Asker: 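Please find one structure pasted underneath; my questions will follow.
Computed from a prediction, not measured in an experiment: that's the story for all the values here. Note on naming: letters A, B, ... go to the chains in the order of the sequence lines (proteins, then strands), and numbering restarts at 1 for each one. The figures here come from the full heavy-atom set of this structure, side chains too, leaving out hydrogens, waters and symmetry mates.
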Amino acid sequence: MSALRARESSPDLFALVQRRLERSPRLDFLQFLPGPLNLSGPALLAEIRRASDAISRVRLPPGARILVQISHPLALLVTLPALWNLGYVPILSEASASPSDQQSRLEQFSPHAVLQDSQEAPAGSQSIFLPPLPLLRLLPIAARSRLPLPTETVLVRTTSGSAGRPRGVALSARQMLADARNISGTLQLSTSTRSLAAIPLSHAYGFSTLLTPCLFLGIPLVLLEHPFPELLRKALGRHQALFFPGVPLLFDLLLASRVSDNLLSRLSPAVSAGAPLPCETARKFAERTGNPLRNFYGASECGAISCERSPKNGARPGGVGAPLKGVRVALEPTREMSRGAAGRSGRIVVRGSAVALGYVGAGARPRLFRGRFQTCDLGRKDSAGRIFLEGRLDRMINVGGRKVFPEEVERVLGGAPGVREVVVLSIADSLRGELVAAAVVGVHGLREATLLRYCRKHLTAYRVPRRLLLLPALPRTARGKVDTARLHSLLTGR
Amino acid sequence: MPDLLQLKQEIKSFIVKRLRLTDVSPESIGDADPLFGGGLDLDSVDLLDLVVGVEKEYGIRIASAAEGREILASVNSLAEHISRSHASA
């Protein structure tokens, strides 16, 4: 449907990358560790052209959609612009997906080919050998129909959708560039600052904060193969200050590591996203480094939304700061809020030029956003315009017709003495439909009865967890997020 | 420094405690069992947690994925590496 248009806009994107890299002559524009490998902008561009040449040996139609499953950060940084150079549309996916997830992505996105850094050579695949990158494989895929894309699509991000089916988010070059500019403009990143990449570039967070600012705006980058403490030491030993986007789990591990406070203080500015930032983690980071750890908020569908900008550690539960430059945030009333906090809280709706084109999926017409993305987050603003997240509309628990926001119960339980972490979920109930259940990690000797007494004192009866489980630690996924499926089985005993 | 046998037992307890493997007993981990891609079902977060833990507990600094794969392949490989590095210290 729009392959021709997609082909027309892609070379512009590559031309932008080309101009930026040609104007970045410093020899260490890109540093890869453990290498160590240093590349100037023009040297990186030469690698991208080599990758284009190698990929072009496989015959694919103009505007081909390529499912990209590359875990190696340098390989991803090189191959994405190489695909744009050829006028192809990358569909960015997770490399560590299980075989069944990979199959599901093939069905959902019907790509012309899959590009992966697998060591095994699937039948019919072509090897792409670009030392020192891992061996890449390009596997053409036969399909009756292809993914319909909105006009101007140059990239499809995959994100977890409802009912376990991945969703595609189509982006134009203009939107990716706007997102990179919003972030760098707000956080004052420039060609004279440098960023440290320790999170996956294939996820929206790393893509927007690290990959596109490097390629489109010429912001120098230190790229780590893995966020191992020894590699952090090497990177931080070379630079006085590095913009560092991380996730709470990574900050916790770094604070528990033997990396010195002096080196950690060079992670500046440091931002956290991907999961709620515990106040305790932000407090420890600020105490140890003298710098704030800023909560950062965004979504695959609209890029970065807001960020804490206070020079001191001002982390407050749910606080995600004021909207970034170029982003407009409105709170729209929802039916669920009409009885209680209407007027103060509402669904967070984002407008701006970084909002994606829309959702895409095989066999379905794209669902367009038209510059406005309605999140599933419920929030409020304070008098200074700072946003506070209050809950997820799609996490709401319906207890016999009464609405419970798990975040509210989590806030109360999180404030109980001895509680370290808490997750509240819904479990099925034959009478009420749903019930509130909680998993808690706390200090040794913490008792379920004590916590329930605390809840009864601070929550109305139907919000008090009917099932409460004390755990030594929360189960987590490979991405470091709480494994809610596993938690649900623990809570239901199934 | 404990002997190799004792060190292996210590490492197994360390892994179970560090990664909070509530349903795994140290005794059930074989000396040569692969730590990743094997029965323990460890993922990339566990890898990072283990790398941080091994450095803190045993002073072993792992600087690349290749080194990590070699050192953390099994209890045997980790014990031998710790033993060698302490002997040469």
Side-chain angles (χ1 to χ4, degrees), chain A residues 32-37 71-74 94-96 98 117 119 132 134 198-200 224-235 246-259 274-275 420-421 441 469-483 486 489-490, chain B residues 10-29 34-74 77-78 81-82 84-86 88-89:
Chain A
F32 178 69
L33 293 169
L37 174 73
S71 59
H72 194 278
L74 183 56
E94 219 181 336
S96 58
S98 67
D117 58 2
Q119 288 302 307
I199 53 172
L224 302 187
E225 182 192 45
H226 282 285
F228 292 167
E230 185 60 2
L231 293 183
L232 256 297
R233 263 186 218 103
K234 284 184 178 164
V247 295
L249 182 93
L250 181 56
F251 285 109
D252 280 337
L253 282 171
L254 287 178
L255 288 167
S257 75
R258 282 188 174 180
V259 179
R420 288 190 177 132
E421 283 184 290
V441 179
L469 195 60
L470 281 165
L471 295 171
L474 294 174
R476 292 189 184 273
T477 66
R479 284 189 187 190
K481 294 194 173 188
V482 172
D483 185 344
R486 170 100 180 101
S489 342
L490 290 170
Chain B
E10 192 187 303
I11 287 171
K12 290 175 190 178
S13 299
F14 160 75
I15 291 171
V16 168
K17 192 176 168 197
R18 176 85 203 177
L19 303 182
R20 300 166 294 272
L21 304 174
T22 46
D23 45 359
V24 175
S25 69
E27 301 74 38
S28 68
I29 304 175
L35 293 180
F36 292 86
L40 287 181
D41 202 21
L42 303 185
D43 61 21
S44 58
V45 174
D46 294 317
L47 170 67
L48 181 57
D49 202 352
L50 210 49
V51 168
V52 170
V54 161
E55 182 182 312
K56 215 169 168 180
E57 189 75 22
Y58 299 105
I60 304 295
R61 292 184 173 195
I62 296 174
S64 71
E67 207 174 85
R69 272 194 296 274
E70 194 188 314
I71 296 171
L72 300 173
S74 64
S77 63
L78 179 55
H81 190 87
I82 293 169
R84 266 200 311 272
S85 69
H86 285 203
S88 63

Asker: Find the distance between OG (B/Ser64) and CG (A/Leu231) and round it off to the nearest 0.5 Å.
Answerer: 7.5 Å
Asker: Check for a donor-acceptor pair, side chain of A/Glu225 on one end and backbone N or O of B/Ala65 on the other, with a separation under 3.5 Å.
Answerer: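 The answer is yes, because a donor-acceptor pair under 3.5 Å joins these two groups.
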Asker: A/Leu250 versus chain B, heavy atoms under 4.5 Å apart: side chain, backbone, both or neither?
Answerer: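 Just its side chain gets close to chain B.
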Asker: State the CG-OG distance between B/Leu48 and A/Ser257, to the nearest 0.5 angstrom.
Answerer: 9.5 Å
Asker: In Å and rounded to the nearest 0.5 Å, what is the CG to CZ distance from B/Leu47 to A/Phe228?
Answerer: 4.5 Å
Asker: Who passes salt bridge (charged side-chain N to carboxylate O under 4.0 Å, His left out) against A/Glu230, sequence neighbours left out?
Answerer: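 For A/Glu230 the salt bridge (charged side-chain N to carboxylate O under 4.0 Å, His left out) partners, ignoring immediate neighbours, are A/Arg233, B/Arg61.
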Asker: Looking only at heavy atoms, which two atoms of A/Pro229 and B/Val52 are closest? And how far apart?
Answerer: CG-CG2, 3.7 Å
Asker: Sub-3.5 Å donor-acceptor pair from the side chain of B/Lys56 to the main-chain atoms of A/Arg258, do we have one?
Answerer: no
Asker: Do A/Leu253 and B/Val51 touch side chain to side chain, with heavy atoms closer than 4.5 Å?
Answerer: no
Asker: Does atom CD of B/Glu57 have more than 12 heavy-atom neighbours, drawn from other residues, nucleotides or ligands, at distances under 6.0 Å?
Answerer: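 Yes, the 6.0 Å shell around CD holds more than 12 heavy atoms from other groups.
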